[in-house]
There are 2 protein chains.
Amino acid sequence: MTDDLMTIREMCDAFDVTPRTLRFYESKELLFPEREGQKRLFTRRDRGRLKLILRGKRFGFSLEEIRQLLDLYQLGDQQHTQLVRAYEIARERLAEMQARRDELNQAISELQTQIDWAGKIIESNETTQKAAE
Amino acid sequence: MTDDLMTIREMCDAFDVTPRTLRFYESKELLFPEREGQKRLFTRRDRGRLKLILRGKRFGFSLEEIRQLLDLYQLGDQQHTQLVRAYEIARERLAEMQARRDELNQAISELQTQIDWAGKIIESNETTQKAAE
DNA sequence: CGTTTCGCTTACGTCAACGTCAATCTCATG
DNA sequence: CATGAGATTGACGTTGACGTAAGCGAAACG
């Protein structure tokens with residue numbers, strides 16, 4: 001593939017973000033595009049990371065938290081101590097995410113209940129209205 | 001129950017927030033505490049809403065989005081048109097939340113995979129180290 | 001009765017996550 | 001070669017969600 005590398009514009013179109021956002025993420029060390037002269041060229045690795053960044057944001061993680069999470073996905077070349085530490089952090093994060101999912105499930109079922117109620121009310125309103133006509 | 005009404009301090013202790021936060025939420029019309037003279041007194045309704053507010057925040061909703069969600073839980077005294085509209089919004093939100101949950105589940109299983117790998121690496125490192133001793 | 005202790009209001013400060021604008025630079029195209 | 005479209009680097013502006021400090025009123029305590 002010749003377009004293993006993508007320009008900033010291609011990235012923006014692909015992920016629906018602005019150039020400013022990509023430069024900002026680079027300045028925060030979330031992305032590490034290569035350079036061709038001055039111009040940024042984003043790699044497959046950058047795309048993978050960006051995907052995770054955007055996902056993290058949808059769950060309300062801060063960019064700093066996301067940066068730490070990203071490091072967990074790149075555990076290859078670590079020292080043993082570092083690896084063990086990352087492992088522990090990862091297990092904590094996993095527990096958090098599972099707790100969140102459970103909470104989210106509860107929120108969903110509560111909202112579902114409200115919706116069912118509202119549906120019934122609307123239904124009865126409409127039938128009584130029809131009856132009144 | 002005589003303490004159906006709670007002071008600002010009791011609320012802060014119960015929900016681990018600051019007074020500033022509660023006043024801020026009131027100013028944004030997320031909470032509607034009663035008044036005894038100048039002092040705020042938070043009702044059971046306020047506590048229910050605060051619980052939902054804090055939950056919403058954990059999922060990355062803005063306060064404005066949360067305000068709209070809260071209205072869905074108070075569909076009693078609405079006009080028919082309003083009710084139908086709220087019903088539609090609620091169904092959209094529900095779909096969003098379900099999508100989020102699915103995405104979260106995927107993120108969890110991916111992270112789980114990474115953790116399993118890391119666990120294996122750590123294990124093998126430790127056994128080879130032991131063997132070398 | 002003085003003085004802490006809460007609580008209230010008003011108002012300015014802060015931090016994250018970008019938006020926006022100006023001033024270059026660079027390269028392709030008429 | 002001019003020029004116009006994109007990209008880059010500062011640098012300042014903005015918005016959301018509070019923090020924080022100043023000043024005042026009420027009430028509870030020694």
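Here is how names work: the chains are called A, B, and so on, in the same order as the sequence lines, proteins then strands, and each is numbered from 1.
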Applying side chain to side chain contact (heavy atoms under 4.5 Å, CB included), can you list everything that pairs with [X], at least two apart in sequence or on another chain?
X: A/Gln98; result: A/Leu94, A/Arg101, B/Ile108, B/Gln112
X: B/Lys28; result: B/Phe24, B/Leu30
X: A/Arg9; result: A/Thr7, A/Cys12, A/Asp13, A/Pro19

What pairs of residues pass the salt bridge (Lys or Arg N to Asp or Glu O under 4.0 Å) test when at least one of them lies in residues 105-119 of chain A, not counting sequence neighbours?
A/Glu110-B/Arg55
Return the 5'-most residue of the pair A/Thr7, B/Lys57 with respect to DNA chain D, ranking by each residue's nearest nucleotide.
A/Thr7
With sequence neighbours excluded, tell me which residues meet side-chain hydrogen bond (donor to acceptor under 3.5 Å, both in side chains) with [X].
X: B/Glu103; value: A/Arg58
X: A/Thr113; value: none
X: B/Arg40; value: B/Glu26
X: A/Arg45; value: none

Intermediate values then yes/no, side-chain contact (heavy atoms from CB on, under 4.5 Å), A/Leu63 and A/Ile53
CA-CA 8 Å; A/Leu63 290 185; A/Ile53 292 168; 4.3 Å; yes
A/Thr18 vs A/Gln38, nearer the 5' end of DNA chain C by closest nucleotide
A/Thr18
Can A/Arg93 be said to sit on top of A/Phe59's aromatic six-ring, NZ or CZ under 6.0 Å from centre and within 45° of the ring axis?
no
Please list residues of residues 23-35 of chain B whose heavy atoms come under 4.0 Å from any atom in DNA chain D, ordered by number; otherwise none.
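Nucleic-acid contacts, sorted: B/Phe24, B/Tyr25.
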Atom-to-atom span, CD of B/Glu36 to C1' of D/dA26 - whole angstrom:
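Interatomic distance, CD of B/Glu36 to C1' of D/dA26: 11 Å.
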When rounded to whole Å, the CD1 to P distance for the pair A/Ile8 and D/dA5 reads 19 Å
Applying salt bridge (charged side-chain N to carboxylate O under 4.0 Å, His left out), can you list everything that pairs with A/Arg20, at least two apart in sequence or on another chain?
none
OP1 or OP2 of D/dG19 under 4.0 Å from side-chain N/O of B/Thr21:
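Checking B/Thr21 against D/dG19: at least one side-chain N or O falls below 4.0 Å of OP1 or OP2.
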Return the polar atom pairs (N/O with N/O) between nucleotides 20-25 of chain D and the protein under 3.5 Å, or none.
| from | atom 1 | to | atom 2 | distance (Å) |
| --- | --- | --- | --- | --- |
| D/dT20 | O4 | B/Arg20 | NE | 3.4 |

Give me the first and last nucleotide of DNA chain C, going 5' to 3', that has any atom under 4.0 Å from a heavy atom of chain B.
C/dG7 to C/dT9
